[in-house]
Protein chains: 2
Amino acid sequence: MADHRLDDKQRELLDQLFDKWSLVVLDILCDGPRRFSAIQRAAGTITPKSLTQTLRRLERNGIVSRHVVATSPIAVEYGLTSLGRTLEKPMQGMLYWILRHLPEVSVQRCGFDDRARR
Amino acid sequence: MADHRLDDKQRELLDQLFDKWSLVVLDILCDGPRRFSAIQRAAGTITPKSLTQTLRRLERNGIVSRHVVATSPIAVEYGLTSLGRTLEKPMQGMLYWILRHLPEVSVQRCGFDDRARR
DNA sequence: CCGTATCCAGAATGATACTG
DNA sequence: CAGTATCATTCTGGATACGG
């Protein structure tokens, strides 16, 4: 494995998957389809503008689907596509790493900052 | 699984691991320790400033180690720490996803853009 | 060789207000 | 409800030049 090296196209996609909100939104959608406002609430502090942007990009990449339900008032459901679901496992791997190793990272940071102060 | 939701600290770490260059650099270091200029060459177009920034941050997070060899001229070797190596598998999972699914993503993009044009 | 310093353009993001 | 529009600000990263 690893005879690769990322080219520009691949780095672009990487950037889009790992921008400020994409992973957070994807993580939410892993639990099932959600409506715009539900995602916004779950994500914490994201503004509607940023959320729209994030969802559009994920939709464009074929990872998220957008379904309009013509009720009144209107409802829009976002969910993972089949392509999006293939991303679920590797993504959870990364998120799990964060959960598991953040404490150790915090320790390392303190050590680094102490050394830097001297 | 997945009773979590990322808090601010966790999102911060996520942002640092997935900034423009971190994954590229980590990917290079997976193959073994490398010197500053070797990383720069392998990464493609990164400027020394950005590379320094990326390496410092990874070092601060305890993921990358920096070792100065007092030859003349000076040499500096960067490598993964033991903590960094635990990140290798999940990271390769993501990179592999990119390699594997980029073609499909490209197709999806074209479809999306076509639909948008109308 | 391994960086740091400075400057700067453009992208990303937040705040806020408004619409179908 | 599900966004869009606009403005202000911050943040990122490239270009370039220089220093230990």
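Just so it is clear, the model here is predicted, and its values are computed rather than measured. In the text below, chain A, chain B and the rest are named by the order of the sequence lines, each starting its count at 1.
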Worksheet item: Just one of Glu104(B), Gln108(B), His101(B), Arg109(B) clears the side chain to side chain donor-acceptor pair (under 3.5 Å) bar with Asn61(A), so which one?
Response: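 So the option named by the test is Arg109(B).
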Worksheet entry | Polar contact flag, side-chain donor to acceptor under 3.5 angstrom, Tyr78(B)-Arg66(B) |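 Yes.
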Expressed as a whole number of angstroms, how long is the span from [X]:[atom1] to [N]:[atom2]?
{"X": "Ile46(B)", "N": "dT4(C)", "atom1": "CD1", "atom2": "P", "value": "13 Å"}
{"X": "Glu12(A)", "N": "dA12(C)", "atom1": "CD", "atom2": "P", "value": "11 Å"}
{"X": "Leu51(B)", "N": "dG3(C)", "atom1": "CG", "atom2": "P", "value": "8 Å"}
{"X": "Leu55(A)", "N": "dT13(C)", "atom1": "CG", "atom2": "P", "value": "14 Å"}
{"X": "Gln53(A)", "N": "dG14(C)", "atom1": "CD", "atom2": "P", "value": "10 Å"}

Worksheet item: Which nucleotide, dG14(C), dC1(C), dG3(C), lies nearest any side-chain atom of Lys20(A)?
Response: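 Closest nucleotide to the Lys20(A) side chain: dG14(C).
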Worksheet item: Out of dT4(C), dC2(C), dT13(C), which nucleotide sits closest to the side chain of Pro48(B)?
Response: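 The nucleotide sitting nearest to the side chain is dT4(C).
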Find out whether [X] and [Y] are in side-chain contact, i.e. whether some heavy atom of one side chain is under 4.5 Å from a heavy atom of the other.
{"X": "Ser65(A)", "Y": "Glu59(A)", "answer": "no"}
{"X": "Val76(A)", "Y": "Arg35(A)", "answer": "no"}
{"X": "Leu87(B)", "Y": "Ile63(B)", "answer": "yes"}
{"X": "Thr86(A)", "Y": "Glu88(A)", "answer": "no"}
{"X": "Gln10(B)", "Y": "Leu102(A)", "answer": "yes"}

Worksheet item: Quick one: CZ on Arg11(B) to CH2 on Trp21(A), what's the gap to the nearest 0.5 Å?
Response: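 So the gap between those two atoms works out to 3.5 Å.
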Worksheet entry | Contact residues, residues 57-78 of chain A to DNA chain D [heavy atom, < 4.0 Å] |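 Only Arg66(A), Pro73(A), Ile74(A), Ala75(A), Val76(A), Tyr78(A) qualify.
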Worksheet entry | Pairing string, 5' to 3', for DNA chain C - Watson-Crick or wobble contacts under 3.5 Å, brackets [ ] where pairs cross, | to another strand | |.||||||||||||||||||
Worksheet entry | Pairing of Arg57(B) and Glu12(B) as salt bridge, 4.0 angstrom limit |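 So Arg57(B) does not pair with Glu12(B) through a salt bridge.
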Fill in: Upstream residue (5' side of DNA chain D) when Thr47(B) and Thr52(A) are each assigned their closest nucleotide
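It is Thr52(A) whose nearest nucleotide is closer to the 5' end.
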Practice prompt. Using chain A heavy atoms and a threshold of under 4.0 Å, write down where along DNA chain D the contacts begin and end, 5' to 3'.
Written response: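 With heavy atoms of chain A under 4.0 Å away, the range is dC1(D) to dC7(D).
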Worksheet item: Mind checking whether Phe18(B) and Phe18(A) have parallel, tilted or perpendicular rings, split at 30° and 60°?
Response: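 Rings of Phe18(B) and Phe18(A): parallel, as their planes differ by under 30°.
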Worksheet entry | Heavy-atom closest contact (Cys30(B) atom, Met91(B) atom, distance) |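 Minimum heavy-atom separation between Cys30(B) and Met91(B): SG-CE, 3.6 Å.
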Worksheet item: So, does the side chain of Lys49(B) form a donor-acceptor pair with the base of dG3(C) at under 3.5 Å?
Response: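 By the distance-only test, no, there is no pair.
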